[in-house]
Amino acid sequence: MLPLIGFWGLGLDMAGIGFEIRKILERDSYWSVIRAYGYAGMVSGGPWVLSILSIMMIGVLDVTLGVEQREVNAFQICVTYLMAASLIWTGGAQLMFTRFVADRTYADDKAEVLPNLFGVLIVVMGGGFAWAAPFIFWFFEGPFVQQLLLLCNFVVLSGMWIGLIFLSGMKAYRRIVWTLAKGYLLGIGVGLAAAEWKLNGLLLGVLTGHSYLLFSFLHHIVREYPGSALLKFDFLDRNRSFYSLFLVGTLYYLAVWVDKLIFWFIPYTSEAVIGPLRASIIYDLPIFLAYLFILPGMAVFLVTMEADFAEQHERFYRAVREGDTLMHIEHRRDRMVYAARQGIYEIFKVQGLTVVLCLLWGRDLLHAVGISPLYIHLFYIDVVAVSVQVLLMAILNVLFYLDARREVLIITACFFITNLLFTFATLQLGAEAFGYGFAVSVTVSAFLGLFILSRKFNRLEYETFMLQN
Amino acid sequence: MKTVSETAAGARVAGPGAGFDAGPVIEPVQESVADIALLLEGTYPYVRGGVSSWVHQIITALPEIRFAVVFIGSEPSMYGPAQYQFPGNVTHVETHYLLRQDRHIKPHARKGNRRAFAQMDSLHTHLREGGEIPSNEMMDAFTRLGSPDGITQEDFLYSKASWEYITQQYRQRCTEPSFVDYFWAVRAMHAPLFVLANIAAGLPPVRAVHAISTGYAGLLGAMIRLRRAIPFVLTEHGIYTKERKIDLAQATWLHDHNDDVCNTLHDEMGYIRGLWIRFYEQIGRMAYGQASPIVSLYEGNRQRQIADGAAAERTRVITNGINLERYRTALERRPETVPPILGLVGRVVPIKDIKTFIRALRILVNRRPDIQGWIVGPEDEDPLYVTECKELATSLGLNENVKFLGFQNVLDILPQLGLMVLTSISEALPLVVLEAFASGLPCLATDVGSCRELIEGRGGEDSALGSAGSVVSIADPEVTAEAALALLNDATRWHDAQRAGLARVARYYDDKLMFSSYRSLYMEALGSGSSGPSGSSGSSEFPRSPGSSSRGCDAAAHRVLGAGA
C-alpha cells in the first residue's frame with residue numbers, strides 16, 4: 001500500500017494553511033510549537049495514513065472473522081493498483097486544475113469554478129471509465145460482479161482525488177480529515193458486514209467508503225461555491241490552463257510508481273495475485289513500511305514552507321509591486337532564499353534523525369510487524385529514499401511558488417527517466433542493489449532540483465521585472 | 001507653374017531666395033517616393049485641430065510638391081478614422097504607433113550586448129550634462145538602436161545586460177525610492193525609440209523630411225537626417241517641451257516623495273518627473289541640433305527655441321495666416337452699431353480659462369446689464385469642466401447673460417459679436433484672433449503666446465498700424481472687465497481698433513504669404529539637399545553644414561514679411 005503524497009501539499013499551499021500554523025506559532029511557547037507541528041502532521045499525513053490504516057484494518061479484522069489470508073492479500077493488491085492507476089490517471093488533471101482554480105480565484109471569477117469542476121469530473125471519470133472498462137473486462141477472468149466493482153472503484157477514486165485536492169484548497173482540512181475518518185469507518189463496516197462475499201465484499205466496502213467521501217466532498221463544495229452554469233470545459237482552453245502542469249502531474253506520479261511497477265511485472269521478482277495484477281513480495285513490504293516514516297518530514301515541510309517561506313515570498317512580491325527600493329527588494333529576496341534554505345535544512349535534519357532511528361530500531365520494528373529480517377537492507381535504503389523524496393517535494397514546492405513551470409517539468413521528467421533506467425539497472429546488478437534504483441534516482445533529482453532552484457533565485461529579480469508578459 | 005518633377009533633369013540648382021515663382025529645379029538623385037515627408041505626432045490626419053488643419057492647408061496649397069505623410073501615434077485605440085481626405089499630391093502614407101508592439105514577442109532570457117550598453121552609458125552621461133551632443137556620437141547611438149550587434153528591442157526589454165545597466169543606473173542616480181516606478185519609466189521612455197528606429201529604417205526614399213513638432217517626430221527627423229543626410233526642416237506650433245512639462249506637472253501617476261520630516265525650502269520634484277522632463281528636453285535638443293531651418297509661429301516662440309538649444313541663425317518665424325476672402329462676408333454683414341456681445345470662441349477646456357471669462361461677465365453685467373457673453377465651442381473634451389462652468393454661471397446669476405452655444409459656424413457668429421475675447425492661459429498663435437480681425441472685430445486677449453504681437457504689433461511698421469484691441473493679464477476678471485468696457489463704451493476707440501485689425505491681418509497674416517514662405521522654404525531645402533556622391537540612404541556621411549543657405553533665406557523671409565510696406 002503506497003501513500004498518496006503528491007499535490008496534496010500544493011493544495012494546502014492554496015489553502016493558506018500557513019496562516020493557521022503561523023497563528024499557532026505566534027504564542028511562542030514550546031507547547032505551541034508542538035501543537036503547530038502536530039497540526040501540520042495531521043493535515044499533511046492524515047489522509048493517506050488514514051487510508052493505509054483503514055485498508056490494513058479491513059485486512060486484520062477480516063482475517064479474524066475468518067476470511068482467508070489469500071483473499072485479503074488479493075484485496076490489498078487490488079486496492080494498491082487502484083490507487084496507483086487512479087493517481088497516475090488523475091495526477092495531471094489535479095495539478096492543472098488546482099492552478100486553474102487559483103487563477104480564477106485571483107481574478108475574482110469564482111463563479112467559473114464550480115461548472116469547471118464538474119467538467120473536470122466528467123472528463124476524468126468518464127475518460128477513466130472509457131479506458132478502464134475494456135481493460136478490466138478483457139484482462140480479469142473473475143466474475144462479472146468483481147470486474148464491475150473494480151471498475152466502479154477506479155472511477156470513484158479518480159473523482160475522489162479531484163474532490164480531495166479541491167477541498168484542500170478551500171481551507172477545509174479539518175473537515176477533510178473528519179470526513180475521511182467517517183468514510184473509512186463506513187468502508188470498514190461495510191467490508192466487515194459483507195465479509196462472506198470475500199473479495200467482492202471487501203471491494204464493496206472500499207467502494208462504499210470512497211463513494212461516501214466523493215459525495216460528501218462534492219456536497220460541501222457545492223454548498224460553498226456559487227455557480228453560474230452547470231457544466232463548463234474552460235479548463236481545457238490552452239489560454240487559460242497550463243498543459244505543462246498536466247505533464248508535470250502525470251510524470252510525477254509515474255516517477256513515484258514506476259519502480260514498483262517494474263518490480264511487479266518482471267517475472268523474476270514478482271508473482272501473479274489476481275487477474276493480471278502482480279505483486280512483488282520482496283519489494284512491496286519494505287517500502288510500504290518506509291513510507292510511514294515520512295510523517296515527521298512532512299510535518300516539518302508544511303510548517304517551514306507554508307509558514308515561513310510563504311510569508312517571505314509574499315513580502316518579496318509586495319516589495320516589488322508596491323514600489324520598494326531595489327536594495328530592499330534584494331533584501332526581501334535574500335530573506336526568501338534564507339527561508340527556503342532553512343526549510344530544506346530542517347527537513348533534512350528531521351528526516352535524518354528519523355533515518356537514524358530506523359537504522360537503530362529497524363530490526364525490532366520488522367520483527368514486531370512480522371516481516372522477515374531478510375528485508376532489513378531493503379528497508380534501510382527505502383527509508384533513505386523516501387526521506388530524500390520529501391526533500392524533493394520541498395524543492396518542487398518552492399519552485400511552484402516561483403511559478404517555475406518549465407523547471408519543475410525538467411525535474412519531474414528527470415525523476416521519471418532516472419527511476420526507470422536505474423531500476424532496470426539494479427535488476428541487472430542483482431538483489432543486493434534492489435531499492436537503490438529508486439534511491440539514487442530521487443537523490444539525483446533532488447540535487448538537480450537544488451541546482452535549478454539556486455539558479456532561479458539568483459536571477460529572480462531579473463526574471464520578475466524583465467521577463468514578464 | 002511647372003512641377004518640380006516635370007522640369008527636365010540636368011537643370012542646375014538656382015540660388016537661394018529665388019522668390020515666389022517656381023524657379024529651382026532639382027535633379028532627383030534616386031527614385032524618391034515623395035519630395036517632403038511630413039512627420040506628424042498625434043495630429044494629421046487622425047485628430048481634428050488647428051495643427052491638422054494647417055497641415056492639410058499646406059498640402060493643398062502646394063500641389064507641385066509630393067508629400068509623404070508619416071503619422072506617429074501612441075496606441076491604435078486612441079484614434080478613430082482619418083478626419084481628412086488626402087489631396088492628390090500625397091503620394092505615400094504611413095501610420096505607426098509607439099506604444100504598440102507590432103509583433104507579440106514572448107519574453108525570452110538573453111544575455112545582451114554589454115559593450116553596446118557601456119557605449120550607451122557615455123551617451124547618457126552627455127545627455128545628463130545637457131550640453132551639445134556631437135553628431136557622430138548621436139549617429140553611433142542611433143545606428144546601434146535596433147541593430148543586431150547593437151541593442152535590439154528584445155535586448156532592451158529582456159536581456160540580462162539591459163537589466164544590469166538599468167539597476168546600475170538606479171543605484172547610482174535614482175533618489176526616488178520606488179524601483180518599480182523607475183523601471184517602468186525607463187521602459188516607457190526607451191521602448192518608443194526602437195519603434196522610431198524601425199520607422200527611420202523602413203521609410204522609402206524621400207528628398208527631405210519636415211517634422212511638425214519636436215518630441216518623437218522631431219527625434220525621428222533627426223534620426224533620418226543622420227542616416228540619410230537629407231534636409232530636415234522643423235516647424236513648431238506650440239512648444240512641445242513646454243506642453244509636456246505642463247502635462248507632467250499635472251500628472252497624477254507620478255508620485256513626488258516629499259519627505260515630510262525634513263523640510264526643504266523648495267519643492268523637490270520627484271526624480272522620475274525630472275527624468276521625463278530631461279528626456280523631452282534632450283530629444284528636443286537633438287531635433288534642434290539636426291534641423292534647418294527651425295520655424296516658429298512668432299518671435300516669442302523663436303526666443304524660446306533659442307533658449308531651449310536651437311542655433312539662433314537657423315531659426316526663423318513664419319506666421320500662420322487665414323484666408324481673408326472667407327471672412328469678407330462676415331465683415332459685410334456687420335451691423336452699424338457695436339453689439340454689446342462678447343464672444344469666446346474655443347473648446348471649453350481649462351486651458352481656455354472660461355471661468356475667468358464668466359467672472360468678468362459678472363462684473364460687466366453689473367455695469368451694463370445689456371451685455372451678453374457667448375461661449376462658442378465644442379464641449380465634449382472635458383465634460384466635468386463644462387459642468388463646472390455652467391454651474392458657475394448659474395451661481396453668479398448669469399443665466400440670462402451667458403450662453404453656451406456649442407460648436408457653431410464661426411462665420412455666422414462673428415458679425416453678431418461686439419468683441420472677441422480670449423482668456424486662455426496658454427496659446428501660440430490663435431487663429432480666432434485673426435478671424436476676428438478679418439471680420440472687423442477687435443480683440444481682447446490675455447498676454448500669452450503671440451497675442452500681444454497680434455493685437456499691438458511687432459514693432460516698427462506693424463505697431464504703427466495701431467492697437468487692434470486690448471491685452472490683459474491672465475486670470476484677472478476685474479482687469480478683463482475694465483478693458484472690455486473701455487472698448488465697448490468708446491465708439492471711436494472701437495472703430496480705430498477695427499481698422500488696425502483689418503490692416504494688420506491683411507498685411508501680415510494673409511495665408512497666401514504663409515504658403516509662399518513655405519514654398520520657398522521647401523525649394524531651398526530641396527535645393528540644398530544631398531546631391532553628393534553617396535546619396536544613398538543609410539550613408540554615414542556627415543551632414544553638410546546647413547548654416548550657409550539659411551542666411552539668404554532670412555532675407556527672403558524678411559522681404560515676405562515686409563512686403564507691401
Side-chain angles (χ1 to χ4, degrees), chain A residues 99 103 106 237-245 247 312-337 399 402-411 448 451-469, chain B residues 100-101 103-114 117 151-191 194 252-259 270-273 275:
Chain A
R99 174 60 187 261
D103 287 345
Y106 185 71
D237 183 1
R238 199 168 275 271
N239 288 336
R240 307 182 107 209
S241 262
F242 299 100
Y243 276 89
S244 56
L245 289 180
L247 209 53
Q312 297 305 324
H313 167 85
E314 163 69 21
R315 284 205 191 158
F316 171 77
Y317 280 104
R318 222 182 318 142
V320 166
R321 273 194 320 263
E322 292 178 4
D324 245 329
T325 66
L326 183 63
M327 286 63 88
H328 204 232
I329 291 173
E330 288 172 343
H331 169 71
R332 288 263 158 254
R333 196 262 332 243
D334 292 340
R335 294 288 301 273
M336 186 167 59
V337 173
L399 285 169
L402 300 176
D403 202 19
R405 297 186 301 277
R406 211 164 60 101
E407 285 84 347
V408 171
L409 183 58
I410 293 172
I411 298 171
L448 178 65
F451 173 74
I452 288 180
L453 182 61
S454 169
R455 187 170 169 272
K456 187 86 179 174
F457 270 134
N458 281 339
R459 291 153 57 103
L460 192 60
E461 292 98 340
Y462 161 58
E463 290 189 3
T464 307
F465 278 100
M466 301 281 281
L467 294 186
Q468 47 181 291
N469 244 330
Chain B
R100 178 186 72 171
Q101 270 184 300
R103 298 156 289 143
H104 216 71
I105 330 165
K106 237 190 140 211
H108 269 312
R110 47 209 294 138
K111 283 230 303 268
N113 187 341
R114 279 216 182 114
F117 279 99
I151 303 176
T152 61
Q153 187 172 25
E154 288 83 10
D155 276 341
F156 170 71
L157 291 176
Y158 305 129
S159 77
K160 200 92 191 340
S162 173
W163 167 254
E164 279 164 17
Y165 183 70
I166 295 174
T167 49
Q168 177 205 37
Q169 293 296 308
Y170 172 84
R171 275 183 241 267
Q172 283 175 359
R173 271 170 245 297
C174 186
T175 56
E176 191 113 326
S178 169
F179 176 71
V180 70
D181 286 345
Y182 176 81
F183 180 79
W184 283 104
V186 166
R187 266 203 176 194
M189 248 179 243
H190 289 84
F194 293 92
T252 49
W253 51 267
L254 280 172
H255 310 293
D256 288 322
H257 292 264
N258 278 323
D259 202 331
Y271 181 82
I272 293 179
R273 195 187 299 270
L275 257 186

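In the text below, chain A, chain B and the rest are named by the order of the sequence lines, each starting its count at 1.
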Using a cut-off of 6.0 Å, state whether more than 12 heavy atoms not belonging to A:Arg455 lie near its atom CZ. no
Nearest-0.5 Å distance, CG of residue A:Asp324 to CG of residue B:Asp181: 11.0 Å
Within 6.0 Å of OH in A:Tyr317, more than 12 heavy atoms from elsewhere: yes
Side-chain heavy atoms of A:Glu463 within contact of B:Trp163, under 4.5 Å: no
Roughly how far apart are B:Tyr182 OH and A:Thr325 OG1, rounded to 0.5 Å? 13.5 Å
Taking atom CZ of A:Arg318 as the centre, report whether more than 12 heavy atoms of other residues, nucleotides or ligands fall under 6.0 Å from it. yes
Quick one, A:Met466 and B:Arg110 - any side-chain contact, counting heavy atoms below 4.5 Å? no
For B:Ser159, is it the side chain, the backbone, both, or neither that has a heavy atom closer than 4.5 Å to a heavy atom of chain A? backbone
Can you give me the closest heavy-atom contact between A:Phe465 and B:Phe179, atom names plus distance? CZ-CD2, 3.3 Å
Considering all heavy atoms of both residues, which atom of A:Leu326 and which atom of B:Thr167 are nearest to each other, and what is their separation? CD2-CG2, 3.5 Å
